[in-house]
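Structure first, commentary second.
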Amino acid sequence: ISAKINIKEDDNGKKLEYGYAEDVTEKKEAELKLIESEQRLLEAQRLAGIGDFNFSFATSIWKCSTVVDEIFGLKAPEIYDVKNWLKLIAPEYKDAVLEKVSPIFQEGKTLPEHYIDCKIYRASDGAERWISVVGEIQYNSNHKPVILKGTVQDITERKLIEKKLELSQQRLLESQSIAHIGGFTYEYADHTWTCSAMLYNIAGLDGEKFLEFDDWVNLISKDVQEEMLGKVLPLIQNGNIPHGHYLDCKIKRADNGETRWISLVGTIEYDESGNPLRFKGTAQDITERKNAEDEVKRLNESLEGEVEMRTAELKQVNRELEAFNYTVSHDLQNPIRSLNGFSNLLIKEYSQQLDEEGKEYLNIIHTSAKRMSSLINDLLAFAKLGKVAVAKVNVDMNKLVRDEVEQIQKISTNIQNTKIVFSNIEPAFCDPGLMKQVWNNLIGNALKYSSKIKNAKVEIGSKEINKETVYYIRDNGAGFDMK
């Protein structure tokens, strides 16, 4: 309730008290609701970063919500003044803001664009913020401005997102430019095409001109146009293009007729009922790739011809080598055998009839004949190596080497006094037949060229170098300069 008491004196000076009481329940409830509503409004403004203001043209007094103070970083109401507001605006936006607000305060005009987006620096901490100001003027019956009222919204987060989006879009355009990729969208509802600037550039088309489907069809090279339309057009019209479908085709640029190759990749978006909404995708200029592929194809064909020619030459050389081997085997071995056999016969049966010098000459002939025969056999064995299929297995190299040494010692009588030292010989994964031939040659040479010296010594073993097993054989016999 609301009560009021009055005190009044009568003619005799006596004080009289009278009053009344009023039920103000509805009024108080309305006031509480209004306060609650204002609190909710302030909370909503705070959450949305929106503050409200009004300006009286009669008194030049500003009234602002606390959210406006928070946005601008203000602490005292006395700072509310147009000049002080302008001080907070970033220099690069000040002229544009003045151009919009000056008519409002000087002439009371509301501009058609009654909003301003600009950057400010907060009064409290100098932080950079973006604001959007929206306002309108209320006029009296004489069309004189009375009140300017509006809102101020902190749009910093939106501006940052827009900046990131703009940067992302710029990077996308740069990437498309570098990769020569353009984007397109075809709307089934109104049969319109939307294309990126890069796609227009690839096709040599005017980006300002509205293009229809036939305009793109006319770009396709005439020699493949019918085939391409027979494959692609029904799919686009019926909305049956598989996801990620791609197609390479040849086009003629609209501006200069230059032949280019493009790779089209597209997919279709559907509505909830399965009807096609839009066909979108990318077109990449792959002319350089196609030219490179053609060049590789040409080089491969040239290389294949070169390989065929070289193969034929190699076959001819192999035939000549086989003929030579046959000659060596039959024509050279026979006289060598005769020379070796008769010299051996002379040594056994007629050595007593020769003096020491004659015996020495005969031994030289016999030894040379045996060496020549051995060289021919080695040459023939080497020539046959290329025809033997390589069959790799795990081989006990220690046993293989010892067996070869034993065999060579049996047939060579002049190496019995040579000391042979075996170190650790690691096993190997190799062809045992070919490896046996290698060890036979190496061991035979080592024993042969060290047998003429005193205290002859041959060392055979293996060691690890750079995580690889390396086999070695060395002797202290006659050698030669490796340089």
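Values reported hereafter were calculated over all heavy atoms of this structure, with side chains retained and with hydrogens, waters and symmetry mates removed.
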Practice item. Would you check if the side chain of Asp69 reaches a backbone N or O of Leu74 as a donor-acceptor pair within less than 3.5 Å? Key: no

Study note, to complete from the structure: residues 282-318 vs ring pair (Phe, Tyr, Trp, His ring centres under 6.0 Å), sequence neighbours excluded, gives none

**Study point:** Option among Ile161, Thr156, Ile155 that satisfies the side chain to side chain contact (heavy atoms under 4.5 Å, CB included) test with Arg158
**Key:** Ile155

Check your understanding: Does the Thr311 side chain pair with the main chain of Val307, one donor and one acceptor, at a distance under 3.5 Å?
Key -> yes

Review point. Is Val401 close to Tyr471 at the side-chain level, that is, under 4.5 Å between some pair of heavy atoms?
Key: no

Practice item. Could you list the residues that satisfy ring-ring contact (aromatic ring centres under 6.0 Å, His included) with Tyr93, not counting sequence neighbours? Key: Trp130

Check your understanding: Does Ser124 have any side chain to side chain contact (heavy atoms under 4.5 Å, CB included) partners at least two apart in sequence or in another chain, and if so, which?
Key -> Arg122

Revision key, fill the gap. In short, salt bridge (Lys or Arg N to Asp or Glu O under 4.0 Å) pairs touching residues 172-199 with sequence neighbours left out are Glu187-Arg278

Point to revise | Atom CD of Glu92 with >12 non-hydrogen neighbours under 6.0 angstrom | key: yes

Exercise for review: Supply the atom-to-atom distance Phe184 CZ to Tyr200 OH, rounded to the nearest 0.5 angstrom.
Suggested key: 12.5 Å

Revision key, fill the gap. dist Trp261:CH2 -> Ile251:CD1 (nearest 0.5 Å) comes out at 11.0 Å

Study note, to complete from the structure: Interatomic distance, CG@Leu167 vs CG@Leu172, rounded to 0.5 Å, equals 11.5 Å

**Study point:** Which residues share a side chain to side chain contact (heavy atoms under 4.5 Å, CB included) with Asn142, sequence neighbours left out
**Key:** Asn140, Lys144

Study note, to complete from the structure: The reported gap from CD in Glu269 to CG in Asp271 (rounded to nearest 0.5 angstrom) is 11.0 Å

Review point. Which heavy atom in Ala283 sits nearest to a heavy atom in Leu264, and how many Å separate them?
Key: CB-CD2, 3.4 Å

Check your understanding: Is any side-chain heavy atom of Asn394 less than 4.5 Å from a side-chain heavy atom of Pro427?
Key -> no

Practice item. Go through His191 and Tyr186 one step at a time and tell me if the side chain to side chain contact (heavy atoms under 4.5 Å, CB included) criterion holds. Key: CA-CA 7 Å; His191 305 290; Tyr186 172 71; 2.8 Å; yes

Exercise for review: Could you pull out the closest heavy-atom pair between Ala254 and Leu219, with the gap in Å?
Suggested key: CB-CD2, 3.8 Å

Exercise for review: Return yes when atom NZ of Lys119 has more than 12 non-hydrogen atoms of other residues, nucleotides or ligands closer than 6.0 Å, and no otherwise.
Suggested key: yes

Study note, to complete from the structure: From the list Lys290, Arg260, His180, side-chain hydrogen bond (donor to acceptor under 3.5 Å, both in side chains) with Asp285 holds only for Arg260

Exercise for review: For the residue pair Ser273 and Asn275, confirm or rule out a side-chain donor-acceptor distance under 3.5 Å.
Suggested key: no

**Study point:** Note: Arg298-Glu301 ion pair, threshold 4.0 Å (strictly below)
**Key:** no

Review point. Would you call the rings of His143 and Tyr139 parallel, tilted or perpendicular if under 30° counts as parallel and over 60° as perpendicular?
Key: parallel

Review point. Where is the tightest heavy-atom contact between Leu88 and Phe72, given as atom of each residue plus distance?
Key: CD1-CD2, 3.5 Å

Check your understanding: Under 3.5 Å, is there a donor-acceptor pair linking the side chains of Glu320 and Gln316?
Key -> yes

Point to revise | Donor-acceptor under 3.5 Å (Tyr188 side chain, Tyr270 main chain) | key: no

**Study point:** From CA spacing to verdict: side chain to side chain contact (heavy atoms under 4.5 Å, CB included), Val458, Val405
**Key:** CA-CA 11 Å; Val458 174; Val405 170; over 6 Å; no

Review point. Just by distance, with hydrogens left out, do Thr259 and Lys252 show a side-chain donor and acceptor under 3.5 Å apart?
Key: yes

Exercise for review: Show your working on side chain to side chain contact (heavy atoms under 4.5 Å, CB included) between Ile465 and Lys463 and close with a plain yes or no.
Suggested key: CA-CA 7 Å; Ile465 300 177; Lys463 57 185 177 181; 3.8 Å; yes

Check your understanding: Taking atom CZ of Arg319 as the centre, does the number of heavy atoms from other residues, nucleotides or ligands within less than 6.0 Å exceed 12?
Key -> yes

**Study point:** Residue pair Met198 / Ile181: nearest heavy atoms and the distance that separates them
**Key:** CG-O, 3.2 Å

**Study point:** Residue pair Lys163, Glu166: steps toward the salt bridge (Lys or Arg N to Asp or Glu O under 4.0 Å) verdict
**Key:** CA-CA 5 Å; Lys163 188 175 182 180; Glu166 181 182 352; over 6 Å; no

Point to revise | Pair listing, salt bridge (Lys or Arg N to Asp or Glu O under 4.0 Å) test, anchored in residues 434-443, at least two apart | key: Glu404-Lys436

**Study point:** Closest non-hydrogen atom pair between Tyr472 and Ser462, with its separation
**Key:** CE2-N, 3.4 Å

Review point. Less than 4.0 Å between a side-chain N and a carboxylate O, is that true for Lys297 and Glu293?
Key: no

Point to revise | Distance, nearest 0.5 Å, that separates CD of Glu157 from NZ of Lys159 | key: 13.5 Å

Exercise for review: Please test Asn54 against Asp52 for side chain to side chain contact (heavy atoms under 4.5 Å, CB included), starting from the C-alpha separation and ending with a verdict.
Suggested key: CA-CA 7 Å; Asn54 65 66; Asp52 65 276; 5.5 Å; no

Review point. In Å and rounded to the nearest 0.5 Å, what is the CD1 to CD1 distance from Ile202 to Ile262?
Key: 7.5 Å

**Study point:** Ser196 versus Gly182, closest heavy-atom pair with distance
**Key:** OG-CA, 3.3 Å

Practice item. Please work out whether the ring planes of Phe53 and Trp62 are parallel, tilted or perpendicular, with thresholds of 30° and 60°. Key: tilted

